[in-house]
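Lettering follows sequence order; numbering is per chain, from 1. What's counted below: heavy atoms across the whole structure, side chains too, no hydrogens, waters or symmetry copies.
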Protein chains: 4
Amino acid sequence: MPEQAADVSEQAPGVDERAASAHRQGPVRSEAARVAVLEATSKLFAERGYERLTMEGVAAEAGVSKQTIYRWWPSKGALVSDCLLQGQLFPNRFTVPNSGELRHDLTAWLSAILALLGQPQGELLVRSLIAASVENADIGRRLHESLGASRSLTERFEIAIADGQLAADARLEEIGEAIVGALLLRALSRTESSDDSIQRLLDAVLGPAQAKG
Amino acid sequence: MPEQAADVSEQAPGVDERAASAHRQGPVRSEAARVAVLEATSKLFAERGYERLTMEGVAAEAGVSKQTIYRWWPSKGALVSDCLLQGQLFPNRFTVPNSGELRHDLTAWLSAILALLGQPQGELLVRSLIAASVENADIGRRLHESLGASRSLTERFEIAIADGQLAADARLEEIGEAIVGALLLRALSRTESSDDSIQRLLDAVLGPAQAKG
Amino acid sequence: MPEQAADVSEQAPGVDERAASAHRQGPVRSEAARVAVLEATSKLFAERGYERLTMEGVAAEAGVSKQTIYRWWPSKGALVSDCLLQGQLFPNRFTVPNSGELRHDLTAWLSAILALLGQPQGELLVRSLIAASVENADIGRRLHESLGASRSLTERFEIAIADGQLAADARLEEIGEAIVGALLLRALSRTESSDDSIQRLLDAVLGPAQAKG
Amino acid sequence: MPEQAADVSEQAPGVDERAASAHRQGPVRSEAARVAVLEATSKLFAERGYERLTMEGVAAEAGVSKQTIYRWWPSKGALVSDCLLQGQLFPNRFTVPNSGELRHDLTAWLSAILALLGQPQGELLVRSLIAASVENADIGRRLHESLGASRSLTERFEIAIADGQLAADARLEEIGEAIVGALLLRALSRTESSDDSIQRLLDAVLGPAQAKG
DNA sequence: AGCTAATCGAGACGGTACGTCGGGTCTTAGA
DNA sequence: TCTAAGACCCGACGTACCGTCTCGATTAGCT
C-alpha cells in the first residue's frame with residue numbers, strides 16, 4: 001500500500017515506512033508477507049476472536065515464519081490494531097445516512113450495527129475488539145474513533161443542527177459516545193438490543209420521539 | 001462443581017452451599033480455603049489485572065492447591081466473577097446520593113467513579129473487568145447490573161420523576177446505560193473524562209443544564 | 001527401577017529419588033513417563049546422533065510433554081548422560097574375556113569395540129557420545145569409566161600380572177587410557193583401524209609381540 | 001565455494017584462490033574480509049567454544065555480511081577448520097624438542113600441551129576442537145595430524161631410534177596416538193593430568209623409566 | 001567512457017528448536 | 001471425603017540461529 005502510507009501521520013507498527021526512510025541497502029520488506037499476515041489475522045480473528053487468536057496460527061495461515069511477524073509487529077495487540085486500521089477487521093466507519101430525518105437515520109445506522117452484533121460471529125468480533133482494546137491502547141483509540149466519535153456521526157449531527165432537528169448547543173460528541181457506549185455495555189453483558197430498546201436509547205439521548213401519531 | 005449445585009438456581013460458583021445441602025458424609029468445604037482463595041484473587045486482580053492473573057498464582061497466594069480452586073470454580077472467569085459478586089473487586093454498587101438536586105447528585109456519583117478511574121490501578125481494574133466480561137458472560141452481566149442498570153441509579157431517577165426533575169416518561173434504564181457506556185468507551189480508549197466532559201455528558205442525556213445563572 | 005536406585009551413590013538427574021526423600025504428599029513421579037523418555041532418547045540418539053537429537057522429538061516419541069522432560073532433566077546433556085548411565089545407549093561395559101592369554105583377549109575385546117565402530121551407526125554413536133561428552137562433564141566421566149578405566153579391563157590386567165604376562169609395575173590405568181584414547185583419536189579423524197593397526201597399537205602399549213614364530 | 005575450487009586438490013575452503021583462477025571480470029575476493037572473518041572466528045571460538053560460536057556473531061564481529069561468509073565457506077565446520085589450518089586457533093604443531101634424551105623431551109612436549117589444557121580457556125579450546133571434529137571430518141583429520149601423528153613427533157622418534165633410545169621396530173605412529181589419545185580422553189572426562197600421571201603414561205608406552213636412581 | 005560481472009554490506013525471509021509459562025486434569029497421602 | 005502438593009498433557013509464548021535470498025552500491029577488467 002504505497003500510496004496512502006505517506007499521508008498517514010501516526011503510523012502503526014507494521015505500516016510500510018519505506019517512503020519516509022532514507023535510502024538503505026538491502027532487501028526491502030516483503031509486501032507479500034505483510035499482506036498475507038494481515039489477511040491471516042483478519043481471518044483468524046473473525047473465526048476465533050482475539051483471545052484465541054495465536055501468533056503461531058497467524059504465521060501458519062499466512063505461510064510466514066513467526067519471526068517475520070515479530071520483526072514487524074511487537075505484539076498481538078499491535079498486529080490486530082494494524083489490521084483494524086486497515087479496515088480489515090471492521091468496516092472502517094459505518095456511514096450515517098442522511099434522509100433529512102435525523103432520528104430515522106440514526107435508527108438505520110444503529111440497525112446496521114445491530115445487524116452485525118446480532119449474528120453470533122458479529123458479537124464475537126465486537127467482544128474481541130473490546131478485549132483487544134483492553135490490551136492495546138491503539139485499538140481502543142481506533143474503536144472510539146470508528147464508532148463513538150466518528151466523523152460521519154458528528155457530521156450528521158451538524159446537518160441536524162442546521163435543519164433545526166437538534167439544538168444548536170447539543171453535545172454532539174457525547175451523544176455519540178453515549179449511544180455507542182450503551183451498545184458496548186450491552187455487548188459485554190450479552191444483553192440483546194431489541195428495536196424497542198434502541199428507540200428508548202434514542203429517546204434518552206435525543207429527547208422523546210415527538211409527534212408519534 | 002459438585003453434585004448439589006444443580007438444585008440451587010441462583011447461586012454463583014464458589015458460594016458456600018453448606019446450608020442448603022442435606023446431611024452428607026465426610027468433611028465439609030473449608031470456609032478458610034474459600035475465603036483465602038477469594039482474597040488472593042482480589043489481591044492479585046488488583047495487582048496484575050485479569051489477563052496476568054494466574055490460577056497458579058492464586059493457589060500459591062491462598063496457600064491452597066489448584067485442585068481446590070477447580071473443585072469449586074470451573075474457570076478463572078467464574079472465580080473472578082464470584083469475587084466481583086462478593087464486592088471484593090469493586091464496590092458493589094456506587095450508591096447515588098440524594099440531595100434533592102438530581103444533576104448535582106449524578107455529578108457526585110460520577111465523580112466517585114471517576115476518582116476510581118483516575119488512579120492508575122483503578123483504570124487497570126476497570127479495563128480488567130472489561131476483559132473479564134469479554135471472557136465470561138456472568139461478569140459482564142454483573143458489571144452491567146452494578147453500574148448501568150443499578151437499582152441505586154434507577155431509584156434515584158424515580159425520585160427525580162416524583163420531584164418533577166425528570167420527565168415521567170424518561171427512559172431510566174437507557175439513561176443509565178448511556179452514561180456508564182460512555183465512561184466505558186472512554187476507559188477503553190484511554191480518553192480522560194474532564195469535569196467539563198462529564199457535564200456535557202449529563203447535558204446529552206438529561207438535556208442541557210437549565211437556568212445556569 | 002526401584003531396586004538398584006538405592007545403592008547408587010552419585011545419582012544422576014532423572015534417577016528416581018523416592019527412596020531417599022522424606023514423606024511427601026502428592027503424586028509421585030510417573031515411572032511410565034520416565035521410562036518412555038529414556039527409551040525415546042535412546043532410540044533417537046541411535047537414529048540421529050547427539051546433535052540432531054531434539055527435546056521436542058523426544059517428547060513426541062515418548063508421548064510426553066516437553067515440560068515433563070524439563071521437570072526432571074535440566075538439559076539435553078543431562079538426559080543423554082542419564083541414558084548412558086542406564087546402559088541404554090552403550091553396552092555398559094565391554095567385558096574383557098579371559099582365555100589365559102592377555103594379548104589374545106585384548107585383541108578380542110578391541111575387535112568387539114571395532115565391530116561397533118565399523119558400522120556406520122556405530123561410528124555415529126561414538127562420535128555423538130564424544131560430542132555429548134564435550135557438552136556435559138558427566139557424560140565424559142562415564143565414557144571414561146565405561147572404557148578407558150573400566151573395571152573389567154583393570155581386572156583383566158591384574159590377572160595378567162598374576163600370570164606373569166604383565167610386569168608387576170605396569171601402569172594398568174594408563175595402558176587402558178592409551179588404548180582407548182587412540183581409538184577415540186581415530187574415531188575423531190575418521191581413520192579406520194585395521195587389524196594390523198590394532199596389533200601395532202598393542203605392540204606400542206604392551207611391548208612387541210613376543211616369539212611370533 | 002565457487003566453481004574454480006574443483007581443480008585445486010589440497011586447498012581448504014576459504015583459502016585465497018585468486019592465483020589459480022583464470023581471467024575474470026569484476027572485483028576480486030576482499031582480503032580484508034577474509035582476514036577479518038578468520039580473526040573473528042578465532043576470537044569467538046576462544047571466547048565461547050565451538051558450540052556457542054555463531055555465524056551471525058562472526059559476521060557481526062568481523063563487520064562482514066553473513067553472505068560473505070557463506071560465499072567462501074560452506075559451513076561453520078569448514079570455517080573453523082580453515083582457522084585451525086591457518087594456525088589461528090591452535091599452535092599448528094607443538095614441536096618436540098631434541099635434547100638428546102627422548103623421555104625428557106616428551107615430558108617437556110607434554111608439559112607444553114598440558115599447560116594449555118590446564119588453563120580454563122585451554123580446556124574449552126580443546127573440547128571445542130573435539131566437538132568440531134565430531135561435526136567436521138576435516139577438523140578431525142587436522143587434529144590428528146597436528147598432534148598424534150605429527151611429523152615433529154615422528155621425527156623425534158626416528159632420532160630416538162637412531163640413538164638407540166627406542167627399539168628399531170617401535171610403533172612410532174601408534175605411540176603418538178596412544179599418548180595424545182589418552183590426553184584427549186582425559187580432556188573429555190575432565191580428569192586432570194598430574195605430572196605423575198604423565199610419567200606413568202610415558203611408562204606405559206615407552207616402557208618403565210630405566211635406572212631412575 | 002561505458003558495460004559487465006562479481007564483490008560487498010545489510011538484512012529480510014522461512015524454518016527449526018529452544019526453554020518457559022499457564023491452563024485445566026489427575027493422582028497420591030494425610031487429616 | 002476433602003485438602004495440599006504437585007505431576008501430567010497440552011498449547012502458546014517470544015527468542016536465537018540457521019542457511020538462503022534479495023537488494024543497492026562498488027569495483028575492476030573488457031570493449
Side-chain angles (χ1 to χ4, degrees), chain A residues 23-34 52-60 62-72 74-76, chain B residues 2 24-30 32-33 51-60 62-76, chain C residues 23-30 32-34 52-59 62-72 74-76, chain D residues 2 21 23-30 32-33 36 52-60 62-76:
Chain A
H23 303 296
R24 190 179 53 65
Q25 277 182 332
V28 109
R29 157 129 77 146
S30 156
E31 181 65 11
R34 202 192 113 255
R52 296 179 46 217
L53 173 81
T54 72
M55 296 302 254
E56 298 198 331
V58 172
V64 140
S65 80
K66 250 198 304 182
Q67 193 53 48
T68 294
I69 305 183
Y70 281 107
R71 188 163 14 242
W72 299 107
S75 65
K76 188 164 84 163
Chain B
R24 190 170 49 58
Q25 272 183 337
V28 108
R29 152 116 94 143
S30 156
E51 301 293 342
R52 296 178 47 216
L53 173 81
T54 71
M55 296 302 256
E56 296 193 336
V58 171
V64 140
S65 80
K66 264 202 293 183
Q67 188 52 42
T68 295
I69 305 183
Y70 280 105
R71 186 155 21 233
W72 301 106
W73 294 274
S75 66
K76 186 163 89 161
Chain C
H23 304 296
R24 189 178 54 63
Q25 274 183 334
V28 109
R29 158 129 75 146
S30 155
R34 203 193 111 254
R52 296 178 48 215
L53 174 80
T54 73
M55 297 302 255
E56 298 197 331
V58 171
V64 142
S65 81
K66 250 200 303 183
Q67 193 52 52
T68 294
I69 305 183
Y70 281 108
R71 190 166 9 246
W72 300 107
S75 65
K76 187 164 87 163
Chain D
S21 72
H23 307 295
R24 187 174 50 62
Q25 274 183 334
V28 109
R29 153 119 91 144
S30 155
R52 296 179 46 214
L53 174 80
T54 72
M55 297 301 256
E56 297 196 334
V58 171
V64 140
S65 80
K66 264 201 294 183
Q67 187 52 43
T68 297
I69 305 183
Y70 280 107
R71 185 156 23 233
W72 301 107
W73 293 273
S75 66
K76 186 164 88 163

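Side chains of Arg34(A) and Trp72(A) form no contact here, defined as non-hydrogen atoms less than 4.5 Å apart.
At the heavy-atom level, Leu53(B) lies under 4.0 Å from the strands shown only through sugar-phosphate atoms. Counting non-hydrogen atoms under 4.0 angstrom, Ser65(D) reaches a base of the nucleic acid.
Distances from the side chain of Lys76(D) to the nucleotides dC18(F), dA12(F), dC9(F) place dC18(F) closest. Each of dA12(E), dC2(F), dA7(F) was ranked by its minimum atom distance to the side chain of Arg71(A); first place goes to dA12(E). Here the side chain of Trp72(B) is nearest to one of dG14(E), dC8(F), dT3(F), namely dT3(F). Minimum atom distance to the side chain of Tyr70(D) is reached by dT20(F), of the listed dT20(F), dC8(F), dG14(E). You'll find that the side chain of Lys66(B) is closest to dA7(F), out of dC9(F), dA7(F), dT27(E).
Heavy-atom nearest nucleotides on DNA chain E were determined for Ser75(B) and for Gly63(D), and the one closer to the 5' end corresponds to Gly63(D). Both Arg52(D) and Val64(B) lie near DNA chain F, and the one whose nearest nucleotide falls closer to the 5' end is Val64(B). Residue-to-nucleotide proximity on DNA chain E shows that, of Ser30(A) and Glu51(B), the 5′-proximal contact is made by Ser30(A).
Donor-acceptor pairing under 3.5 Å, judged by distance alone, is present between the side chain of Gln67(C) and the base of dC21(E). With hydrogens and angles ignored, no donor-acceptor pair under 3.5 angstrom links the side chain of Glu56(B) to the base of dC21(E).
Taking atom CE on Met55(C) and atom P on dG11(F), their separation rounds to 20 Å, with Å as the unit. Put simply, CD1 on Ile69(D) is 12 Å from P on dA10(E), counting in whole angstrom units. One atom, CZ of Arg29(C), and another, P of dG6(F), lie 15 Å apart when rounded to the nearest Å.
Side chain of Lys66(C) to backbone of Ala59(C): no donor-acceptor contact under 3.5 angstrom is found.
For the residue pair Ser75(A) and Met55(A), the shortest heavy atom distance occurs at C-CE, 3.9 Å. The two residues Ala33(C) and Ser30(C) make their nearest non-hydrogen contact at N-OG, 3.0 Å.
The 12-atom threshold is exceeded at CZ of Arg71(A), counting heavy atoms of other residues, nucleotides or ligands nearer than 6.0 Å.
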